[in-house]
Visitor: 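Structure below; questions to follow.
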There are 2 protein chains.
Amino acid sequence: MNTSSRFTVAIHILTLLAHGGGEQMTSEHIAGSVNTNPVVIRRLLSLLRDAKLVTSQVGVGGGWLLARPPKGITLRDIYRAVEGSTLFPLHSNTPNPRCPVGSTIQSALGGHFEEAQLALEKDLERTTVADLVKEVQTLAR
Amino acid sequence: MNTSSRFTVAIHILTLLAHGGGEQMTSEHIAGSVNTNPVVIRRLLSLLRDAKLVTSQVGVGGGWLLARPPKGITLRDIYRAVEGSTLFPLHSNTPNPRCPVGSTIQSALGGHFEEAQLALEKDLERTTVADLVKEVQTLAR
DNA sequence: ACGATTGGAAACTATCTTGGTTACAGTTCG
DNA sequence: CGAACTGTAACCAAGATAGTTTCCAATCGT
């Protein structure tokens with residue numbers, strides 16, 4: 001299963017940007033909050049930019065900005081941006097085509113897996129970055 | 001996301017056992033359908049046994065059996081048996097405790113992640129091994 | 001024009017997970 | 001006894017992940 005913290009860190013980044021209130025923020029500053037290397041942050045930010053969730057500006061005084069209001073960014077958007085592949089991969093070796101189960105199990109599973117992933121994403125859609133900013137502000141006082 | 005094909009293979013195994021109609025099956029036979037090594041199968045079966053989904057018998061004529069009727073085994077049971085950890089891991093390094101976002105984001109995310117995982121599992125609960133056997137039988141003709 | 005500050009990107013490393021394989025000990029049955 | 005099983009440990013190759021260094025390009029203030 002998904003064993004990376006990319007999703008968590010990506011949410012952290014966007015919440016931080018929203019928390020900043022529209023000010024440009026450098027990858028180094030973000031890295032200070034996440035407690036990692038700026039290059040790791042930039043790698044994630046470039047995925048988020050591909051998904052049109054953030055914009056970047058190079059040069060002095062440059063940095064990163066949200067491309068949309070925090071209320072318009074859901075956890076599902078972030079999930080899709082950074083966790084490209086499917087939730088449940090199929091077999092690494094194709095099963096035995098001469099077995100009734102082996103020859104059919106993958107297509108039987110496909111629909112169920114897709115459905116389950118949609119159920120997950122539908123739940124993720126319920127929470128926006130704006131919600132998280134509000135929660136963080138409540139917790140931090 | 002990681003992610004591994006354990007879930008897929010575990011479903012395959014249980015569907016195969018159910019398809020066999022209550023006959024004991026060896027790990028080597030199962031490996032033939034999955035197209036992998038018997039030891040890989042036994043590793044997964046031992047997880048499934050821990051979850052009380054299958055039983056094993058050693059020695060000549062031994063093998064594996066479902067511990068419950070196929071109708072009583074859902075994809076959620078299988079998921080829980082083989083994918084132990086949480087769906088979305090938090091940061092690998094703990095975020096900056098002196099940052100309002102860094103110090104609170106993990107507890108803010110905890111609830112949402114748990115909720116999303118429950119939504120996923122609730123969907124997985126809708127499908128049983130008996131359903132898959134039926135689908136396989138339809139597809140295989 | 002210069003120099004400082006920033007993102008962009010490649011390359012390399014260490015670590016972990018996964019899947020596959022070999023090997024061997026223990027159990028059961030004929 | 002000997003064959004057919006499970007139960008495990010150990011090891012390897014391949015891939016993913018996170019961290020780091022390094023260099024280039026763009027931008028801005030002076």
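None of these values were measured; they are calculated from a predicted model. To find a chain, count down the sequence lines: A is the first, B the second, and so on, and within it residues start at 1. Because only heavy atoms are used, hydrogens play no part in the values below, and waters and symmetry mates are left out as well, while side chains stay in.
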Visitor: Among residues 7-19 of chain B, which contact DNA chain C at a heavy-atom distance under 4.0 Å?
Guide: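 Nucleic-acid contacts, sorted: none.
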Visitor: Taking atom types as modelled, find out whether B:R6 and B:S4 have a side-chain donor-acceptor pair closer than 3.5 angstrom.
Guide: yes
Visitor: May I ask you to check whether B:T8 and A:H91 show a side-chain donor-acceptor distance below 3.5 Å?
Guide: no
Visitor: Starting at CD1 of B:I41 and ending at C1' of C:dG19, how long is that distance when rounded to a whole Å?
Guide: 11 Å
Visitor: Applying a 4.0 Å non-hydrogen cut-off, can you work out what B:S27 is touching in the nucleic acid: base, sugar-phosphate, or nothing?
Guide: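 Sugar-phosphate, no base atom in range.
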Visitor: Using a distance-only criterion (donor-acceptor N/O pair, under 3.5 Å, no hydrogens), is the base of C:dG8 paired with the side chain of A:R43?
Guide: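 No such pair is found, so the answer is no.
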Visitor: Between C1' on C:dT6 and CG on A:L65, what's the gap in Å once rounded to a whole number?
Guide: 14 Å
Visitor: Taking A:L17 as the starting point, is it possible to reach A:L65 by hopping between hydrophobic residues whose side chains are less than 4.5 Å apart?
Guide: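 Different clusters: A:L65 never reaches A:L17 through Ile, Leu, Val, Met, Phe, Trp or Tyr contacts under 4.5 Å.
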Visitor: Taking distance alone, no hydrogens or angles, what donor-acceptor pairs closer than 3.5 Å link side-chain atoms of residues 39-49 of chain A to residues at least two apart or in another chain?
Guide:
residue : atom : partner : partner atom : Å
A:R42   : NE   : A:S27   : OG           : 3.4
A:S46   : OG   : A:R43   : O            : 3.4
A:R49   : NH1  : A:S56   : OG           : 3.0

Visitor: Given atom CD of B:Q24 and atom P of C:dT28, what is their separation to the nearest angstrom?
Guide: 12 Å
Visitor: What is the distance from CH2 of A:W64 to P of C:dG7, rounded to the nearest Å?
Guide: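 Spelled out: CH2 on A:W64 to P on C:dG7 is 7 Å.
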Visitor: Is it the case that the side chains of A:H112 and B:E135 hold a donor-acceptor pair, with the cut-off being a distance below 3.5 Å and no angle test?
Guide: yes
Visitor: About how many Å separate OG1 of A:T15 and CG of A:L132, when rounded to the nearest 0.5 Å?
Guide: 4.5 Å
Visitor: Please state how far atom CD1 in A:I30 lies from atom C1' in C:dT6, giving the value in whole angstrom units.
Guide: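 The answer, rounded to whole Å, is 12 Å.
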Visitor: Considering only C:dG19, C:dG20, D:dT6, which nucleotide approaches the side chain of B:S4 most closely?
Guide: C:dG19
Visitor: Summarise how protein sits on nucleotides 22-30 of chain D as a single string, 5' to 3': B when a protein heavy atom is under 4.0 Å from the base, S for sugar-phosphate-only contact, - for no contact.
Guide: ----BBB--
Visitor: How are the rings of B:F88 and B:F113 set to each other: parallel, tilted or perpendicular (split at 30° and 60°)?
Guide: tilted
Visitor: Specify the separation, in whole Å, of atom CG of A:L45 and atom C1' of C:dG8.
Guide: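 Rounded to whole Å, this separation is 12 Å.
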Visitor: What contact category does B:S46 fall into here, base, sugar-phosphate, or nothing, at under 4.0 angstrom with non-hydrogen atoms?
Guide: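 Nothing, no heavy atom under 4.0 Å.
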Visitor: Step by step, work out the salt bridge (charged side-chain N to carboxylate O under 4.0 Å, His left out) result for B:D131 and B:K71.
Guide: CA-CA 7 Å; B:D131 295 332; B:K71 200 171 171 177; over 6 Å; no
Visitor: Which sits closer to the 5' end of DNA chain D, B:S92 or B:T26, going by the nucleotide each is nearest to?
Guide: B:T26
Visitor: Is B:S5 near enough to C:dG19 that one of its side-chain N or O atoms lies under 4.0 angstrom from OP1 or OP2?
Guide: yes
Visitor: Might you point out which heavy atoms bring A:A140 and B:P100 nearest each other, and give the distance in Å?
Guide: CB-O, 4.1 Å
Visitor: Is A:T36 near enough to D:dG19 that one of its side-chain N or O atoms lies under 4.0 angstrom from OP1 or OP2?
Guide: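 Result: yes.
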Visitor: Starting at CG of A:N37 and ending at C1' of C:dA14, how long is that distance when rounded to a whole Å?
Guide: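 To the nearest whole Å, that distance equals 14 Å.
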Visitor: Which whole-number value in Å describes the distance from B:H29 NE2 to D:dT6 C1'?
Guide: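 My rounded result for the distance is 17 Å.
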Visitor: Is any side-chain nitrogen or oxygen of B:N93 closer than 4.0 Å to OP1 or OP2 of D:dG19?
Guide: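 For D:dG19, OP1/OP2 do have a side-chain N/O of B:N93 under 4.0 Å.
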Visitor: Could you tell me whether A:R126 and A:D123 make a salt bridge, using a distance below 4.0 angstrom between a side-chain N and a carboxylate O?
Guide: yes
Visitor: Looking at D:dC5, I'd like to know if its phosphate oxygens (OP1 or OP2) sit under 4.0 Å from a side-chain N or O belonging to B:S56.
Guide: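 It does not, given that no N or O in the side chain of B:S56 lies less than 4.0 Å from OP1 or OP2 of D:dC5.
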